[in-house]
Structure formats: C-alpha cells, structure tokens
Number of protein chains: 2
Amino acid sequence: MASVGRSGPKPGVETRERLLAAAESLFMEQGFRSTSLREITARAKVNLAAVNYHFGSKDALVREVLQRRLGPLNEARVQYLDRLEAEASGPLPVERILEALLLPALRLSRNPLEHGSTVLRLLGRAFSEPGDYMKDFLPDQYRVAARRFQQALGRAMPHLPESELVWRMHFTFGAIAYVMAGDDALQLVASCQAPEADNPEAIVRRLVPFLAAGLQAPTAPPLDGSPPTLAGTLPRRAA
Amino acid sequence: MASVGRSGPKPGVETRERLLAAAESLFMEQGFRSTSLREITARAKVNLAAVNYHFGSKDALVREVLQRRLGPLNEARVQYLDRLEAEASGPLPVERILEALLLPALRLSRNPLEHGSTVLRLLGRAFSEPGDYMKDFLPDQYRVAARRFQQALGRAMPHLPESELVWRMHFTFGAIAYVMAGDDALQLVASCQAPEADNPEAIVRRLVPFLAAGLQAPTAPPLDGSPPTLAGTLPRRAA
DNA sequence: GTCTATAATAAGATAGAC
DNA sequence: GTCTATCTTATTATAGAC
C-alpha cells in the first residue's frame, strides 16, 4: 500500500525510517519524556506533522521505537539460551546464562547497519523511565523472556529459593539497566573516569563475573547470626 | 526573619514545609520531570505562586528536596563508615562497607518523623533521572561519599585493579538505585510478585550478600581463556 | 505523503492587590 | 506571605492546501 517513490517533495518512502532513527538516537541521549517531537523531526529533517501522520501520536512512536529493538532482542536472547541448553548436557552455568542475556544486546549494538551503534543505551533508558511511557508496554515485552531466564537460572541454582532468585534477578536487571543507560550516571561514582565506558564488549566482560557471583552468593542469615546456606551450585568455587 | 504566625490566611510558617513534603512524595511517585508545580501546590494545598515565592523556581525546589535528604544521608553514611573503621583493626570486610552504604538509608526510610516513610524511593528516582535536573547537582552531593567508599573498598580488596573497582561500584550503585526506585520496575521481572517488596530491611538483607559477592568476584579473563585472577581478598571463600 | 499554519493544552514564571 | 489573574513559552495534535 505504501508509496514506491512518486511525486512527493522528498524521497518518500524513508521518512518513517528517518523518524524512527532520529527518535531512537534522541531517546537514547535524553530519555523519552525529555525529547520533544520538534527535536525529533528536526533531526530527521522531516516535517513536524509527519510524526502524527505516520504514527498517530508520540506515545505510538515511542512504542514503535522500542518494539523495533526489544522484540528481536528478546527473541535472540531466548534463542541463544535455547541453543546453549540444547548443546549442554546438564544445567547451564550461570555465566553462560548471563551471556545469553547480554551478548545479543552487545551484537545488536555493534551492527553497522544500525546508525549510532549504541542501542544498549536505549534499552537502559527504557528501564530507567518505567512509569512514563511504558507502564504496561514494557512488561509484556519482557515477561516471556524473563520467565524463560528465571527457569534457566533456577535450574542452575536448584537450592536457591524462588523468592531469593526473583530478587536477585531484579538486582541483576537493575545493574544492567543502569550501566546501559550510561553517560550521565557514570560520572557520579568516580573522581576518575571509568575506563572503556564506550566499549560495550568491555563492559559486558566486567559485568558477567560481577553478576554471576552475586547471583550465586550465599544467602543472608534469616535475622540472627546463623550460618548462611550455600545458595547455588557454585560451579567454580565449590570445595 | 520568617514569620512567626501573623495575619496570613493560612497558618503561615508551614507553607514551605508543606511544599517540600508534597513535592517529595510526588517526585517519589512520578519522578521529577513528570511532576508539575500545579500538582505539587494542589497536594500541599497552597497557592501555585508559593513555589516561586519560597524557592524561586522548580529547579531550586527539586534541589532543595534532594539536598534535605541526600546531605544528611551521605554524612551519616560516611560517619558510619568512619566509626566501623575506627573500631576495626584491619581493613573492613566488604559486607560491612555495604552496611555503611545501605543502613543509614534504611533508617532514614523508617523514621516516623518523615511522613511517607519511603525516602529510599526518592533517592532511587534521583539516580534514575540523572540527565534532567541533577546534571551537575547530584555529582557534587555524592562525590565526596563515593570517594570515601572507594577508598574503603580498595583497602578491603587490595588486589582489585582500580579500574575494575570503579566499574563494580558502578554496577553496585545501579542495582541499589534500581531497587530503591522500586514500584513500576519490579513487576517487569517476575510473573509472581517479589516478596516483601515494601520492606526495606528485607531488601537490604538480600542485597548485601548479592553485592558483596559481586564486588569480590574473580575478574574476567583478559580476552582469551586464561584463568581468572582472584580479585579481592575473598574473606569468606578463600581456600 | 508532505507541507504550512494553527489550534488546544499545559507548563513555569510574574505582577500586583491584599 | 498569600492570593488571583495573567504572561510567555513549549508542547502535542490537527486541518486543509498542495
């Protein structure tokens, strides 16, 4: 139904794509709520009204931008996880499950077809502004994948109570989102700049050991000083 | 210089406090940027113009709300850390350093003098919207405390390269901020609701082992498959 | 499909009476 | 100190010519 190049003043077909690309990069830099349609259409070099013509509203544009990335990303994550489990004999070690969670995002971020490269930060933003645009949208997008990873992690750490696992996944996603959102927050921590802040692969390589250790940590004592139970299978450090 | 109860239509002295309280609770629930002055003055049951009279601008109000909490909080954290170090002989275990980071926030959140109790979420919000209102404000507020904790953690894990430590602190703050921001994001992870989501103490008790293990995790192999080095002192799990 | 022009809303800030 | 009324600005969204 769409045009194939007719009589419009501009090339025609690519306006929608230009808008998605401009919106994505601006959302990445500034967040969703802080970015106006005027900024988006200016960067895309299209008319302001084009947003409403192609998407209907700013909300719909936001959803479209996210869906374009999150859909394939979570599919890739689950597929990656499926493949790892199919190849392995027993339950996967936690580190490999984290790989399945992080590497597809890393690949996406370095796909030269995607203009700006750092799609990671867009995802971080999405998790950093949950109450604004994606109150009921993001959960649907993530619930399937989240359940799948919870299942895998539960198999990797059969002794960890489910309630504890849920919390630790929450902590994990928090660390991931924060790191992915990037830029501003980084300067808060260090007097010195964190090294390699712009290299996603380096970040992932540092993140996996941190999260794997956290996920497999001994559980806290109930409330008194009784000894902690061993949480997971502790594949590397078991005696 | 301020009034002591004169001829104004309303009680008088407490308008400023009412504004701070209303703003704080609304920022907590919706974030900073999403909250308008009109909502704030409506909840505080004061006139719209009062904000500009007492604070000068919305930005100044935001800073005031944050400073009222973050200042004392970070002071308490550093004092707590100082006291722990004074009492201890050697370097502190990582778990205790994390205590110093989290318990003062926990106490603040349960101070019955503070109306709504969950000040934690305000702090989480502050870290979740870094680019908006606190671009240069939050860093100043945190830099001193952050350096202090980096120092303590460096002593606890003398073998961990500083670059690695900075990143791990970053991951740590991310997990903390995400958990503190609370509410919306929590539903993303689990089909089931996370237990005790409204009990800060329970969250802290689960968070400390997770973060302590992450901070002390073995470092990643450089790029190939060479064996990881032991990062910190691993006080509990050392062979 | 694209554009100009404009409507409709909501925001932060101020002036000036009381 | 507080209030009403208003200004200015920025936003999303639309109507209608081309």
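FYI, side chains are in, hydrogens and waters are out, and symmetry mates aren't considered; it's all heavy atoms of this structure. Chain identifiers are assigned alphabetically (A, B, ...) following the order of the sequence lines, protein sequences preceding nucleic acid strands; residue numbering begins at 1 within each chain. Because the structure is a prediction, the values reported are computed rather than measured.
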Worksheet entry | Short side-chain N/O contact from T15(A) to OP1 or OP2 of dG1(C), under 4.0 Å | no
Worksheet item: Among dG1(D), dG12(C), dT14(D), which nucleotide sits nearest the side chain of Y53(B)?
Response: dG1(D)
Practice prompt. Could I get the full list of ring pair (Phe, Tyr, Trp, His ring centres under 6.0 Å) partners for F149(A), not counting sequence neighbours?
Written response: none
Fill in: By side chain to side chain donor-acceptor pair (under 3.5 Å) - contacts of R38(B) (at least two apart)
none
Worksheet item: Side-chain N or O of S36(A) less than 4.0 angstrom from OP1 or OP2 on dA10(D)?
Response: no
Worksheet item: Rounded to whole angstrom units, what separation is found between the NE2 atom of H54(A) and the P atom of dA13(D)?
Response: 16 Å
Discussion item. Using whole Å, what does the distance between atom P of nucleotide dT14(D) and atom CG of L37(A) come to?
Written reply: 11 Å
Discussion item. Rounded to whole Å, how long is the line connecting atom CD1 of I40(A) with atom P of dT11(D)?
Written reply: 11 Å
Practice prompt. Using whole Å, report how far CG of L19(B) lies from P of dG1(D).
Written response: 13 Å
Fill in: Of the listed nucleotides dA13(D), dT11(D), dA11(C), the one nearest the side chain of N52(A)
dA13(D)
Worksheet item: Quick one: do R16(A) and E64(A) make a salt bridge, cutoff under 4.0 Å?
Response: yes
Worksheet item: With sequence neighbours excluded, what pairs up with R148(A) under the side-chain contact (heavy atoms from CB on, under 4.5 Å) test?
Response: V78(A), L81(A), D82(A), E85(A), Q151(A), A152(A), R155(A)
Item to complete: Send over the distance from K58(A) NZ to dA10(D) C1', rounded to a whole Å.
Response: 12 Å
Practice prompt. Measure from CZ on R18(A) to P on dG1(C) and round the result to the nearest Å.
Written response: 15 Å
Worksheet item: Mind checking what makes side chain to side chain donor-acceptor pair (under 3.5 Å) contact with R43(B), not counting sequence neighbours?
Response: S25(B), E29(B)
Discussion item. Suppose we screen for side chain to side chain donor-acceptor pair (under 3.5 Å). Which residues come up paired with R96(B), at least two apart in sequence or across chains?
Written reply: none
Contact list (N/O, under 3.5 angstrom) for nucleotides 4-9 of chain D vs protein:
unit_1	atom_1	unit_2	atom_2	d
dT4(D)	OP2	N47(B)	ND2	3.1

Fill in: Electrostatic pair R77(A):E99(A) at N-O distance under 4.0 angstrom
no
Discussion item. Without decimals, in angstroms, what is the distance between F55(B) CZ and dT14(C) P?
Written reply: 16 Å
